[in-house]
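What follows is a short report on a single structure.
What's counted below: heavy atoms across the whole structure, side chains too, no hydrogens, waters or symmetry copies. First the proteins, then the strands, lettered A, B, ... as listed; each starts at 1.
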Amino acid sequence: MRREGASVDWSREKFTMDEDLSRAVREVFVSLYEEGLIYRGNRIVNWCPNDQTVLSDLEVQKDPQPGKLYYLRYPAKNGQGGVTVATTRPETMLGDTAVAVNPNDQRYRNLIGATLLLPLTGREIPVVADEFVDPQFGTGAVKVTPAHDPNDYEIGLRHSLTQVVVIDPHAKMTEAAGSDFAGLDRYKARQKVVAEFEELGLLEKVDDYEFSISKCERCKTVIEPLISLQWFCRMDKLRDLALDLMVKEKRPQFVPEVPYEKVYTNWLENLRDWTISRQLWWGHQIPAWYTKDGKVVVACSYEEACAKAGTDELTQDQDVLDTWFSSALWPFSTLGWPEETEDLKTFYPTSVLVTARDIIFLWVSRMVMMGMKFMGQRPFDEVFVTGTILDKEGQRMSKTKMNGVDPLEVFDNYGVDATRIMLASVGSTDIRWNEKQVESYRNFANKIWNAARFCLMNSEGAAVDPESLRVGVQEQALHDRWILSRLNKTTADMHEALSGYQFHEAVQTLYHFFWNDFCDWYIELTKTEVTAEEATTRRTEARTRLLTVLEQALRLLHPFMPYITEELWQRLPGANAKLLNKSYAGASPTIMLTAYPLSATELIDEEAEWQMQAVIDLMSRVRNIRSEMNIKPGERVPILISAPDEKLRRVFSASVDQISRLARASDVSISDRLNAPRASARAVLSGGAEVAIPLEGLIDFEQERQRLRKEQDKFQAEASKLEAQLGNANFVERAPEETSQAIVARNTRARGRFVAGEKMIVAGLEAAEEVFISLDSQPQLEAFVADGEEIEAGKVIARMVGFADVLLAGEHVALNLLQRLSAVATLTNQFVHAVEGTGAAIVDSLDTTPGMRMLERYAVLLGGGRCSHLGLDDGVLITSNHLAIAGGVADAVRNAKQKLGHLHKIKVQISSEIDLQEAISNGADILLLEGLPAEEVARLGAVARNLSSVVSVECSGNITLQNVRAYAEAGANTISISALTNSARAMKVTFQIQPF
RNA sequence: GCCCGCUUGGCUCAGUGGUAGAGCACUCGCUUCACACGCGAGGGGUCAGUGGUUCGAAUCCACUAGCGGGCACCA
């Protein structure tokens with residue numbers, strides 16, 4: 001834990017065997033005993049013959065394994081017939097004291113009360129009737145061994161059967177098993193019993209049978225159920241305390257709630273008494289003493305016991321308590337209970353317990369029960385259940401499987417920081433261990449280091465200064481306002497994620513901020529200022545800002561990556577005592593004692609964020625064109641930008657230096673209209689802006705064609721070679737499967753590339769060259785896709801997009817055209833998305849509920865008008881399978897009818913009689929009456945029927961019997977029921993009813 | 001048998017009604033002076049299947065299949 005950098009108060013380290021905690025244990029034991037919640041008794045328990053101790057139900061592990069089911073015949077005493085029983089453990093028959101059958105089982109009805117002769121022993125045993133017996137299983141008759149089987153034990157109690165102990169604590173047969181068997185190991189005895197039954201002709205058959213066998217969780221020895229004198233803790237009352245807490249206060253709150261809350265309560269509901277004594281050498285010795293005559297005295301100490309017993313001739317119970325008994329007291333015993341200490345008052349109840357799911361029963365539930373019992377309050381508010389790290393195959397790690405991962409080794413290989421942040425990112429889901437993930441966080445650590453190195457290399461004359469960020473914010477450059485906004489938004493997101501235990505979210509947020517926002521963009525954007533030769537005020541300010549942002553980022557990262565953040569923080573100029581959390585004023589400076597950053601919401605600047613994003617998008621598109629066009633990285637190209645919006649032009653203008661540096665431009669020109677030469681690559685940006693790179697002189701079509709030809713030759717050569725190899729029968733026959741598959745794959749790839757290249761050359765370049773020239777001429781392009789009328793828009797898009805892929809230009813022209821083709825086509829998301837870029841000028845004013853965005857796009861595209869006209873609140877939504885059109889009802893219906901009448905029925909949602917009249921007179925097909933009172937529905941329905949017999953009426957809303965009647969009277973032929981309020985689950989049904 | 005969870009690109013996983021994401025892997029290009037544990041660009045997913053609800057479903061509901069977990073039983 002220390003190496004891992006756990007930030008705990010080591011001065012409070014505790015061990016349950018410490019004297020103070022042991023005292024709490026005795027105190028609790030005595031108290032529960034006096035209340036009757038702890039008792040000592042002879043019960044059947046889980047006994048480990050190897051460890052020589054009793055175990056609780058939770059310490060027993062059930063393993064399914066193949067075994068045999070033996071059918072043994074027990075003759076009747078009167079010699080007439082008998083009963084066959086089935087058993088997996090024949091040796092226990094020596095301790096049988098009855099055979100049980102189900103009272104309703106016709107087959108055995110006459111046998112109930114009969115006496116059987118137990119073979120090998122000569123014992124006479126009765127046949128008893130017990131509901132427990134399942135007539136379907138085995139023969140329907142069960143041998144009953146009360147001393148060696150938990151269920152038989154219960155049956156035995158119900159029928160007052162004798163308990164014959166035939167197996168001892170070492171799993172050897174006892175004298176009671178008969179002199180032939182005494183001293184034999186249980187498995188030897190099994191063989192012998194089976195052999196003798198066979199000899200006597202009483203072994204009916206032996207079936208293969210798989211069943212679960214109970215083993216000792218620790219040593220894997222098969223458990224022997226034995227009757228034994230042990231200490232038990234009654235759980236019913238304690239359990240109710242925990243269940244009540246959940247019902248009344250919903251505590252503890254499990255995170256994640258599903259499935260753990262239910263797992264926890266289900267377990268509590270089925271809880272049985274807890275065996276708390278153990279026959280181990282180590283643990284809290286049970287505070288019970290015995291007098292010479294066997295009287296029991298329970299007390300906190302020997303002295304007290306003597307006083308109670310009135311004698312000092314006492315011997316203490318040799319057994320110890322289950323370790324989980326003392327663990328259950330942990331939340332308060334560590335705080336000094338039973339003393340009423342300051343710690344106890346201050347820290348109890350605690351806030352959160354972080355734990356693994358397999359100790360919810362062992363520990364969490366018991367802490368809750370004991371906390372409620374002795375403190376009267378929950379021990380903690382929340383329980384965060386971590387995920388489990390599985391091995392590569394998805395198996396749980398275990399010592400026996402040797403598939404565990406040694407954390408120290410991972411620390412050595414990748415560093416503690418990388419390991420920690422990787423594990424934190426897992427949150428509460430199970431995850432397969434994957435070193436690659438740790439490696440990626442190691443790379444992240446390296447990135448942090450290098451970024452900080454850059455900052456430190458350029459820090460002369462500057463120092464961390466949080467106050468500086470707030471001064472003159474409005475006068476700062478765009479990228480500065482942007483990074484401050486990003487930083488504070490990230491900070492706010494961190495608080496949100498952490499308070500909800502969304503660790504994965506938190507880690508992703510930090511990773512993205514640091515790597516993408518801070519390193520990829522901010523450092524690059526501010527580099528010129530920061531690395532300036534001359535020591536100007538501007539340089540100092542830039543350096544200060546850079547250091548300050550870095551410092552806050554380090555503090556955000558610190559809980560996840562303590563070592564690297566401390567190391568770097570110590571080196572930052574200005575990272576000193578001033579930054580410490582006030583509570584630690586005067587301490588020596590360390591990032592550990594600084595305050596976790598709070599978000600300065602006034603620095604969150606949406607305006608700066610979208611502006612910066614526009615510039616970033618611009619640079620990305622330019623880089624994309626450069627890359628696709630194979631423009632050399634070093635080559636500078638002229639960039640032409642157009643933006644109809646003046647504000648956007650100003651944003652670009654202000655960033656010209658950045659753009660030319662980061663997009664490698666020789667010249668940047670910005671205007672309101674794009675005036676690019678013919679052979680230009682273009683891209684569409686948001687806000688109706690466009691960017692173009694003239695390719696004249698940069699790309700030589702003839703040369704490009706030759707380059708591609710050369711590449712083609714290479715692919716073809718490779719393919720031929722591979723094909724020759726595959727054609728060689730010897731190779732195919734003798735080569736290992738893996739190799740031949742690899743060759744096939746390589747060939748496929750080479751061939752694929754060849755084909756793609758061919759296509760590119762033929763369909764692309766040659767057409768490109770031609771179309772490039774005609775690109776600006778819309779009529780020509782239109783002619784090019786003249787058959788578009790007959791094909792679906794989706795296909796046109798595919799074609800155009802493919803086209804654009806080759807050309808990287810003309811996209812906007814193509815899409816303009818598509819807008820006009822849209823009326824004949826089925827609209828697709830892809831289409832809308834594609835158009836959004838070019839139609840941005842129109843869509844731009846979108847500001848409506850997210851649920852309607854898609855509809856509105858369609859509406860806009862189909863000429864329904866600007867989005868601002870479209871409002872659900874106006875009650876003029878018109879729907880027609882995925883279509884909404886803005887405007888007044890009359891206009892809208894006409895519009896819809898005209899555009900889509902032949903494709904769809906026009907459904908109009910109405911809320912007034914005027915709407916209704918307009919809708920009907922303009923040809924609406926369906927009226928939707930939604931969310932209106934029943935009387936209103938009936939009234940409007942009647943009006944509608946008077947006006948037109950063709951129009952159908954659809955109703956939805958709050959469905960009650962009365963409403964349905966009103967809807968029917970309104971002439972509704974469809975009633976949509978969208979919610980049934982009184983049902984636990986919302987059911988969604990649509991009724992078709994006959995019109996009156 | 002009962003209850004619960006999971007199924008998203010080659011891999012490991014995010015994403016609880018509005019244009020499918022990350023890391024790794026892959027392809028192309030780059031000795032750009034913080035970082036090749038790097039930089040830039042790119043390809044790749046009918047979100048297990050079927051049906052339903054919705055203007056719209058990876059997301060809500062039902063069923064099916066596969067995987068996993070818990071509980072009970074196992075004579």
Side-chain angles (χ1 to χ4, degrees), chain A residues 62 64 69-70 85-89 92 99-100 132-134 137-145 149 151-152 209-213 258-260 262-263 266-267 270 357 360-361 388 390 392 394 414 418 425-427 429-434 436-437 439-458 504-505 508 511-512 519-520 523-524 527 531 620 623-628 630-634 661-662 664 749 753 829-830 832-834 836 849-855 857-858 877 879-884 907 976-978 985-990:
Chain A
K62 305 227 171 165
L69 191 59
Y70 302 86
V85 296
T87 179
T88 53
R89 301 196 58 196
T92 60
V99 165
F132 168 81
V133 180
D134 174 6
F137 191 89
T139 61
V142 185
K143 59 190 275 308
V144 182
T145 325
D149 181 282
N151 293 312
D152 293 5
Y209 180 64
E210 179 165 320
F211 65 105
S212 286
I213 194 157
V258 177
Y260 299 117
K262 204 164 175 187
V263 166
N266 280 352
W267 184 80
N270 298 312
R357 72 160 159 259
I360 289 176
F361 304 147
T388 306
L390 308 169
K392 271 201 159 65
Y414 299 99
S425 77
V426 167
T429 46
D430 290 358
I431 190 174
R432 293 180 190 209
W433 177 253
N434 184 357
K436 285 286 178 194
Q437 269 179 77
E439 193 177 309
S440 84
Y441 286 108
R442 182 208 49 192
N443 295 350
F444 182 48
N446 193 251
K447 187 73 180 178
I448 295 170
W449 183 263
N450 281 308
R453 203 160 77 96
F454 171 81
C455 299
L456 288 168
M457 279 166 60
N458 297 289
H504 183 271
E505 189 83 10
Q508 289 307 311
Y511 190 96
H512 179 266
C519 293
D520 289 349
I523 289 184
E524 295 305 330
K527 210 169 228 175
T531 58
S620 298
R623 285 170 172 179
N624 169 271
I625 291 173
R626 295 180 59 107
S627 178
E628 291 294 317
N630 274 328
I631 297 170
K632 290 198 191 74
R661 192 160 47 85
L662 298 180
R664 299 232 141 215
R749 204 174 56 175
R753 281 171 153 195
N829 275 353
Q830 192 188 1
V832 173
H833 177 47
E836 192 182 24
T849 53
M852 293 304 296
R853 269 173 57 201
M854 195 54 76
L855 280 175
R857 287 183 193 168
Y858 291 127
L877 165 69
T879 64
S880 160
N881 291 347
H882 309 222
L883 182 78
K907 184 197 285 184
S976 303
I977 302 175
S978 50
R985 290 177 181 173
M987 284 174 58
K988 295 195 170 184
V989 190
T990 296

Taking only the side-chain nitrogens and oxygens of A/Asn624, find out if one of them lies under 4.0 Å from OP1 or OP2 of B/G40.
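Looking at the OP1 and OP2 atoms of B/G40, neither is under 4.0 Å from any side-chain N or O of A/Asn624.
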Can you tell me how far apart [atom1] ([X]) and [atom2] ([Y]) are? Round to the nearest 0.5 Å.
X        : Y        : atom1 : atom2 : answer
A/Arg442 : A/Lys436 : CZ    : NZ    : 9.0 Å
A/Ile631 : A/Arg664 : CD1   : CZ    : 12.5 Å
A/Tyr511 : A/Ile448 : OH    : CD1   : 9.5 Å

Can you measure A/Glu505 atom CD to B/G21 atom P for me and round it to whole angstrom units?
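Computing the A/Glu505:CD to B/G21:P distance gives 15 Å.
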Which of these nucleotides, [options], is closest to any side-chain atom of [X]?
X        : options             : value
A/Pro633 : B/C13, B/G23, B/C30 : B/C30
A/Gln508 : B/A22, B/C13, B/C24 : B/A22
A/Arg623 : B/A41, B/C24, B/C74 : B/A41
A/Phe361 : B/G70, B/A14, B/A41 : B/G70

Main chain of A/Leu662, side chain of A/Arg623: is a donor-acceptor contact present, judged purely on distance under 3.5 Å?
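At least one qualifying donor-acceptor pair exists.
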Output one line per pair: protein atom, nucleotide atom from nucleotides 33-39 of chain B, and distance, for all N/O pairs under 3.5 Å.
unit_1, atom_1, unit_2, atom_2, d
B/A34, O3', A/Arg453, NH2, 3.2
B/A34, O2', A/Asn450, OD1, 3.3
B/A34, O2', A/Arg453, NE, 3.3
B/A34, O2', A/Arg453, NH2, 3.1
B/A34, N7, A/Lys527, NZ, 3.4
B/A34, N6, A/Glu524, OE2, 3.2
B/A34, N3, A/Asn450, O, 3.1
B/A34, N3, A/Ala451, N, 3.3
B/C35, O4', A/Asn450, OD1, 3.3
B/C35, O4', A/Asn450, ND2, 3.4
B/C35, O2', A/Asn450, ND2, 3.0
B/C35, O2, A/Lys447, NZ, 2.8
B/C35, N3, A/Lys447, NZ, 3.0
B/C37, O4', A/Asn443, OD1, 3.1
B/C37, O2', A/Asn446, OD1, 3.0
B/C37, O2, A/Arg442, NE, 3.4
B/C37, O2, A/Asn443, OD1, 3.4
B/G38, OP1, A/Asn443, ND2, 3.3
B/G38, O3', A/Lys447, NZ, 3.2
B/C39, OP1, A/Lys447, NZ, 2.8
B/C39, OP1, A/Trp515, NE1, 2.7

Those residues that, when tested against A/Asp520, pass side chain to side chain donor-acceptor pair (under 3.5 Å) (two or more places apart)
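By the side chain to side chain donor-acceptor pair (under 3.5 Å) rule, A/Asp520 matches A/Asn516.
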Roughly how far apart, to the nearest Å, are B/A36 and B/U31 at atom C1'?
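These two C1' atoms come out 9 Å apart once rounded.
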Dot-bracket for RNA chain B: what is it, with Watson-Crick or G-U pairs under 3.5 Å, [ ] where a pair crosses earlier ones, and | for a pair to another strand?
((((((((.[[[[.)..(..]]]].(((((.......))))).....[[[[[..)....]]]]])))))))....
Find which nucleotide of RNA chain B each of A/Tyr511 and A/Val426 is nearest to by heavy atoms, and output the residue with the more 5' nucleotide.
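Between the two, 5'-proximity favours A/Val426.
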Between A/Ser627 and A/Gln437, which has a closest nucleotide on RNA chain B that is more 5'?
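So the residue in question is A/Gln437.
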If you look at every strand shown and take non-hydrogen atoms under 4.0 Å, does A/Ser440 touch a base, only sugar-phosphate, or nothing?
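Here A/Ser440 touches the backbone only, sparing every base.
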Ion pair present between A/Asp430 and A/Arg357, side-chain N to carboxylate O less than 4.0 angstrom?
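Answer for the salt bridge query: yes.
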With under 30° as parallel and over 60° as perpendicular, where do the rings of A/Phe137 and A/Tyr209 fit, or are they tilted in between?
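The arrangement is perpendicular - the two ring planes meet at more than 60°.
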Cation-pi check, A/Lys527 to A/Phe454: give yes when NZ or CZ is under 6.0 Å from the six-membered ring centre and within 45° of the ring axis, no otherwise.
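Satisfied, under 6.0 Å and within 45°.
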